[in-house]
Amino acid sequence: MSVLDAPVTSAVPAAPTTGLTPVFVRLKLTLLRNGLRQSSGRKAVFITSLVFTLLLAAGQVLGLVLLRGNAHAGTVVVLLTGVVALGWAVLPLFFPSGDDTLDPTRLVMLPLRPEPLIRALLVSSMIGIGPLFTLCLVVGSVIALAHGAAGVVFAVLAVPLTMLLCVALSRAVATANVRLLNSRKGRDLAVLSGLVIAVGIQFVNFGAQRLGRAGGLSTLEPAGDVVRWLPGASAVASVDAASDGAYGVAVAQLLITVVALAALMWMWQRTLVRLMTSPDGSTLAAAEPARKESGRGGLSALLPEGRTATVMQRSLRYVARDPKTKAAWVTALAVGAIVPLLNAVQGTGSVYFACFAAGMLGMQMYNQFGQDTSAFWMVALTISSPRDAYVELRARALVLLLLTLPFTLLVCAVTAAVIGDWQALPGALGLSFALLGSMLATGAVASALFPYSIPQEGAFKNVVPGQGGLAWISILGGMVAAALLAAPVIAPTVWMHVTDHHDALWLLVPGGLVYGALVGWVGLRIAARRTAARLPEILAAVSKG
């Protein structure tokens, strides 16, 4: 038989029929593995995060198991599950770059149909530290609630349904906002995240303390009765209902989760189709006429002439326009005000808690050159002597003082007013001034000795891989040194309180102000000489991102 007589099908191998989901799972694992191979620093961070998550999850599961049989176990577990589901819904808005491998805009040019694509994305989204932690919490929750055969059956159904709902909710929110989150204006959501996280943590602390004084877990019952009918917690709540014999209620709560999951998948598919088929207009340039500024006006008219004015305007623009700089400032302002004021409202605080505001804002002085990223080379071209470096650092410090001093005065005064302890206000002010001057000094020196690069991608990626040790040394070492430098003001403050010389506390205001200014000036001088001598090393370090 000749070659022409052979069947045509024998010459063409059959195409593989591998589904899309296994391909995406292997892709996610491969990208994760290759990302860890890029540097030992990234691998160390991942392993540390994994170990910490597993330890925290193990503690949570143990606590939930010990809650088994408690009269309020259902309420606590339902509220906990609801908070976890809420976290899955809002975290994509605050951490838009947390999972770059699942950005659907990267798949626009591939011939993929929506239904298999969302299934593959859903399954591959289950891989990661976040889903592992959530799975542990959900498993511990159903263990705490499941009693009898019916409870076990509903528990087996509730675990995957809750996991699928959380991940689908996260993916649907991220897909609906992906173009916004990838734009410059969208990255400004990092500012909101800092504020929300800071406020949320403090209010959780405040609520926990109030809960302990209000009579225990029974006060949570009304909130639990509402949350158990919401999709994020209704599946777990069905386990509690089935264990109590309320099978109709259990089925209804389970169906709420099923319907919500189906609705989320439908909405996610429609959003995905619209995203991958409609043109992207977010990058269209606005047709605004260019405006030319002539002369010195606005803020520049109030600033000193020369290099100082230029550096101060540049630093203020970073605060107003750069998403990461803005996020750092808003977080510092929020936490610096919330910690002393909430403690004052609860009646457990002190006026000296207001020094926390000066400490949080003083941290903005650290890694000054890293904030410029690769653009620092333009600044480096203008530094040819220690005098140039001193003027550069002094102007940056003046910007920090311009924003910090009035805020510190305000927080100290409001804290004293809430507590009603005006006698201690001078001591808090003097201590804040000394602490701020010390942090200016140590921050400037640390910026010259331990500079590190801040990557542009990711709202919360503040250190490039491999430079984490530099960041820890710069910030922690600088804060310890600042506390030691402020000791000459801390010691007399403590002595005046111990010996009941409260009438002399007013001396700390000018004393702390003069001492802080002197320490800051000395630190800037030292940092200027180090900066001029190490300019090539600083430029190489901050340009790695």
Side-chain angles (χ1 to χ4, degrees), residues 47-91 126 128-148 150-167 169-170 197 199-244 250 253-254 257 346 348:
I47 295 175
T48 303
S49 302
L50 181 60
V51 172
F52 177 77
T53 302
L54 290 176
L55 291 176
L56 182 60
Q60 294 286 344
V61 171
L62 179 60
L64 290 169
V65 171
L66 293 177
L67 198 63
R68 181 181 175 87
N70 188 282
H72 304 291
T75 300
V76 173
V77 167
V78 165
L79 290 176
L80 177 63
T81 310
V83 170
V84 171
L86 179 63
W88 277 92
V90 301
L91 285 181
M126 297 286 183
I129 296 178
L132 176 62
F133 179 75
T134 304
L135 178 62
C136 293
L137 285 184
V138 175
V139 171
S141 298
V142 298
I143 291 176
L145 298 180
H147 297 280
V152 173
V153 171
F154 276 85
V156 171
L157 296 175
V159 171
L161 281 176
T162 303
M163 287 296 301
L164 289 173
L165 181 73
C166 290
V167 176
L169 182 60
S170 173
I197 292 172
V199 174
I201 291 175
Q202 295 304 318
F203 274 102
V204 167
N205 180 39
F206 179 72
Q209 295 185 14
R210 291 291 298 271
L211 181 64
R213 296 195 298 264
L217 297 176
S218 59
T219 58
L220 297 176
E221 292 288 350
D225 292 339
V226 175
V227 175
R228 66 177 62 247
W229 290 99
L230 299 179
S234 61
V236 173
S238 69
V239 180
D240 190 27
S243 300
D244 293 339
Q253 290 173 336
L254 197 66
T257 300
Q346 297 178 73
T348 59

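No experiment lies behind these values; they were computed from the predicted model shown.
- The structure places CD1 of Ile129 at 11.5 Å from OG1 of Thr134, a figure rounded to the nearest 0.5 Å.
- Taking both residues in full, the closest heavy atoms of Val78 and Ala237 are given as CG2-CB, 3.8 Å, listed atom of the first, atom of the second, then distance.
- In terms of heavy atoms, Ala250 sits closest to Ala242 at CB-N, 3.7 Å.
- Closest non-hydrogen pair, Ala144 versus Leu64, comes out as CB-O, 3.1 Å.
- With contacts defined as side-chain heavy-atom distances shorter than 4.5 Å, the pair Leu54/Leu132 qualifies.
- Looking at Thr257 and Val236, their side chains never come closer than 4.5 Å, going by heavy atoms from C-beta outward.
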Audit row: Val61, Val139, side chain to side chain contact (heavy atoms under 4.5 Å, CB included) steps and yes/no: CA-CA 8 Å; Val61 171; Val139 171; 6.0 Å; no
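- Within the 3.5 Å criterion, the main-chain N or O of Ala73 finds no donor-acceptor partner in the side chain of Arg68.
- Across all their heavy atoms, Ala155 and Ala146 have their closest contact at CB-CB, 4.2 Å.
- Sorted by first then second residue, the side-chain hydrogen bond (donor to acceptor under 3.5 Å, both in side chains) pairs that include residues 52-66, not counting sequence neighbours, number zero.
- Contact record, Gly232 with Thr162: O-CG2, 4.2 Å, taken as the closest heavy-atom pair.
- Judged as a side-chain hydrogen bond (donor to acceptor under 3.5 Å, both in side chains), and not counting sequence neighbours, Thr81 has no contacts.
- The nearest pair of heavy atoms linking Met126 to Pro131 is O-CB, 3.2 Å.
- Side-chain atoms of Val239 and Val77, non-hydrogen and from C-beta on, never get closer than 4.5 Å to each other.
- Proximity of a side-chain donor or acceptor of Ser141 to a complementary backbone N or O of Leu137 within less than 3.5 Å is detected.
- Between Asp240 and Gln253, the closest side-chain pair of non-hydrogen atoms is not below 4.5 Å.
- Between His147 atom NE2 and Leu145 atom CG the span is 7.0 Å, to the nearest 0.5 Å.
- Rounding to the nearest 0.5 Å gives a distance of 11.0 Å between CG of Leu67 and CG of Leu62.
- Atom OG of Ser170 is separated from atom CG of Leu165 by 11.0 Å, given to the nearest 0.5 angstrom.
- Between the Ser238 side chain and the Ala235 main chain, a donor and an acceptor come within less than 3.5 Å of each other.
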